[in-house]
Amino acid sequence: MYRSRPKDSLGDDVLRFLSSMQHDQSILYYDILGSQAHSIMLHEMGNISAGELKKILSSLEEAKKKPEIIDKEGYEDIHEALEAFVIKSAGMDAGGKMHTARSRNDQVVLDIRMKVRDDINAICAALADLVASLVERAKESKNVPMPLYTHLQQGQIGTFSHLLLAYAYSLMRDMERLYLSYGRINQSPLGACAIGGSSINIDRKRTAVLLGFDSLVKNSVDATSSRDVFLEYAATLAILSSTLGRMAEDFILWSTTEFGYIELADRYSSTSSAMPQKKNPDPLELTRAKSAIVTGNLVSMLGIVKALPSGYSRDLQDLKPPLFGASLITLDTVKIMDGVVKTLQINKEKMRQAASTSYAVSLDIAEQLVTKHKLPFRSAHKIVGALVDKAASMGNVPLGKLEVSDITSILKTLKSDLKADELAKIIKEMTPEKSLQVRKSSGSPNPAEQEEMIQSLSQGVSNYKVGIGKRTKMVEGSFDNLAKTVEKYLQS
Ligand code: ARG
């Protein structure tokens, strides 16, 4: 349809190579709305008559209601197919005017902005649900001690809830990044035309308002050439996927028989074709893999835009599959993770058991020597390290199983004048619960600290929910208004 200069048509193989039709399905809806807003503006600015507008709008309404009636064969993309449909159904005299003062270059980036805007709202809403679920599950496992790991070796005593809250904080930052990227995406490029604007009397602000944008992407070259906002969005998704990947990995590990801290609900477990005993964490394994895919999508996108000249180049078309793919994968993954979190069984006894036989109380014992006996931390570290070495050599018995005589000989070797019975008392008293009680620094797993984190996360997530709800309503509201405006012109 666009071939005014070339005499020959595109080869079928070339058309297939060029076509973005497959991935354009997800922007068709936005292309229709954008075309409605543009046509209304063209009429209001005196460029097309009321009759012409009516014809265009009624074709677009038909396309909106029954998108399957648009013939997609033989076109390079959905913009061409939609325009051809409008021309066919409204006639060339009216339909042929729809593309006045517009180019596919501002049109495609408009559609993508509208789609990503909706995707951000959907992903943020799902993320807010996930954070809320984590906080809920944290409340119920608040005072259950379990070892915390560094290098996957037992480090300090913590609680399962403390870890859940750690994910929640991480995800809140992921949400914040997404939430902020929305502001830069919610600007209208429409009216920038091919690259340098138009001599026709148009009102860019009017189309922006009709489509629910906050403002304009002012410069016409910038509006049609730049894709930084989508890179930023994809980067926030890649970062989010790394948070989800970490959660998935932790849960996979803790659901092993060896750890047994959690058990996934049957609904989130896969089986084996051969081994009848199996309950495999496949959704979490795929969450790990998806993280690589989303990151790969970002890398593809960065590669595509790297050193492209200003102005539209067809390379930009290939941003759509990785971009839309990243949105889809992320939304699915966040929802799956929410389901996993909501339904997983927390095996408190297993955690408590691991904590009560763990050397993860060592740092707390050393700190007691610092606070109660004024020992330099380095000396305390040496003493407790030697105690652990001894207990480990006795078959990994807990520190509480050491005899006073063992402690005496260790203190003697280290030339410490600490009293063995006093040290023995500190060791005996240092239960996992006590360990959590004495750890009072801000943000530690101390129950009071956790309570504070639960409160602040609950507050934070409900604030976001309000903001996301407002944004979603704002977009829906402007689409409703657009529909009313369309209706008004159709009735006039
Ligand atoms: N299908 C194209 C895309 O997805 C639309 C823009 C085409 N513009 C052009 N000047 N060839 O990016």
Side-chain angles (χ1 to χ4, degrees), residues 1-6 8-35 37-38 60 63 67 70-87 98-119 185 187-198 207 211 217 219-231 233-234 297 300-328:
M1 185 178 72
Y2 300 142
R3 299 175 75 76
S4 300
R5 178 180 172 177
D8 283 344
S9 52
L10 270 179
D12 285 349
D13 51 343
V14 186
L15 177 63
R16 208 175 341 107
F17 186 70
L18 288 183
S19 174
S20 58
M21 200 61 89
Q22 188 196 341
H23 294 98
D24 286 350
Q25 300 304 326
S26 47
I27 53 171
L28 170 58
Y29 175 65
Y30 303 106
D31 208 59
I32 295 170
L33 298 188
S35 299
H38 183 69
L60 289 170
I70 301 167
D71 180 16
K72 301 180 183 91
E73 278 304 304
Y75 300 110
E76 284 183 48
D77 56 32
I78 202 68
H79 319 293
E80 187 181 15
L82 181 64
E83 191 185 339
F85 168 79
V86 172
I87 290 175
M98 182 175 76
H99 208 58
T100 311
R102 186 172 72 158
S103 155
R104 279 184 299 168
N105 301 348
D106 56 345
Q107 192 178 351
V108 67
V109 72
L110 169 80
D111 296 355
I112 301 174
R113 280 177 183 264
M114 286 166 76
K115 171 171 163 45
V116 171
R117 185 172 69 171
D118 280 351
D119 291 349
I185 282 174
Q187 299 178 337
S188 174
L190 190 60
C193 212
I195 181 167
S198 172
T207 46
L211 296 169
V217 189
N219 181 297
S220 63
V221 178
D222 181 36
T224 50
S225 314
S226 302
R227 295 294 187 272
D228 59 295
V229 289
F230 305 134
L231 297 177
Y233 167 66
N297 288 7
S300 297
M301 290 173 67
L302 287 165
I304 290 168
V305 299
K306 180 196 156 286
L308 273 188
S310 287
Y312 181 86
S313 296
R314 195 64 176 260
D315 311 49
L316 294 173
Q317 171 171 297
D318 267 349
L319 289 178
K320 283 184 285 186
L323 178 66
F324 298 167
S327 281
L328 201 66

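In listed order, ligands and their atoms are each counted from 1. Basis for what follows: all heavy atoms, side chains included, without hydrogens, waters or symmetry-related copies.
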Under 4.0 Å from ligand 1, residues with heavy atoms, in chain and number order, are Ser20, Asp77, His79, Arg104, Asn105, Val108, Tyr312, Arg314, Gln317, Lys320
Applying salt bridge (charged side-chain N to carboxylate O under 4.0 Å, His left out), which residue pairs with at least one partner in residues 14-34 are found, sequence neighbours left out? Asp24-Lys320
Which pairs count as side-chain hydrogen bond (donor to acceptor under 3.5 Å, both in side chains) when at least one residue sits in residues 302-314, sequence neighbours excluded? Glu76-Arg314, Arg314-Gln317
In a check of side chain to side chain donor-acceptor pair (under 3.5 Å) between Asp77 and each of His23, Lys72, Arg104, which one passes? Arg104
Go through the steps to decide whether Ser327 and Asp119 satisfy the test side-chain hydrogen bond (donor to acceptor under 3.5 Å, both in side chains), and finish with yes or no. CA-CA 6 Å; Ser327 281; Asp119 291 349; 2.9 Å; yes
Backbone of Asp8 reached by a side-chain donor or acceptor of Arg3 within 3.5 Å: yes
Which residues pass the side-chain contact (heavy atoms from CB on, under 4.5 Å) test with Glu83, sequence neighbours left out? Met1, Tyr2, Ile87, Met98, His99
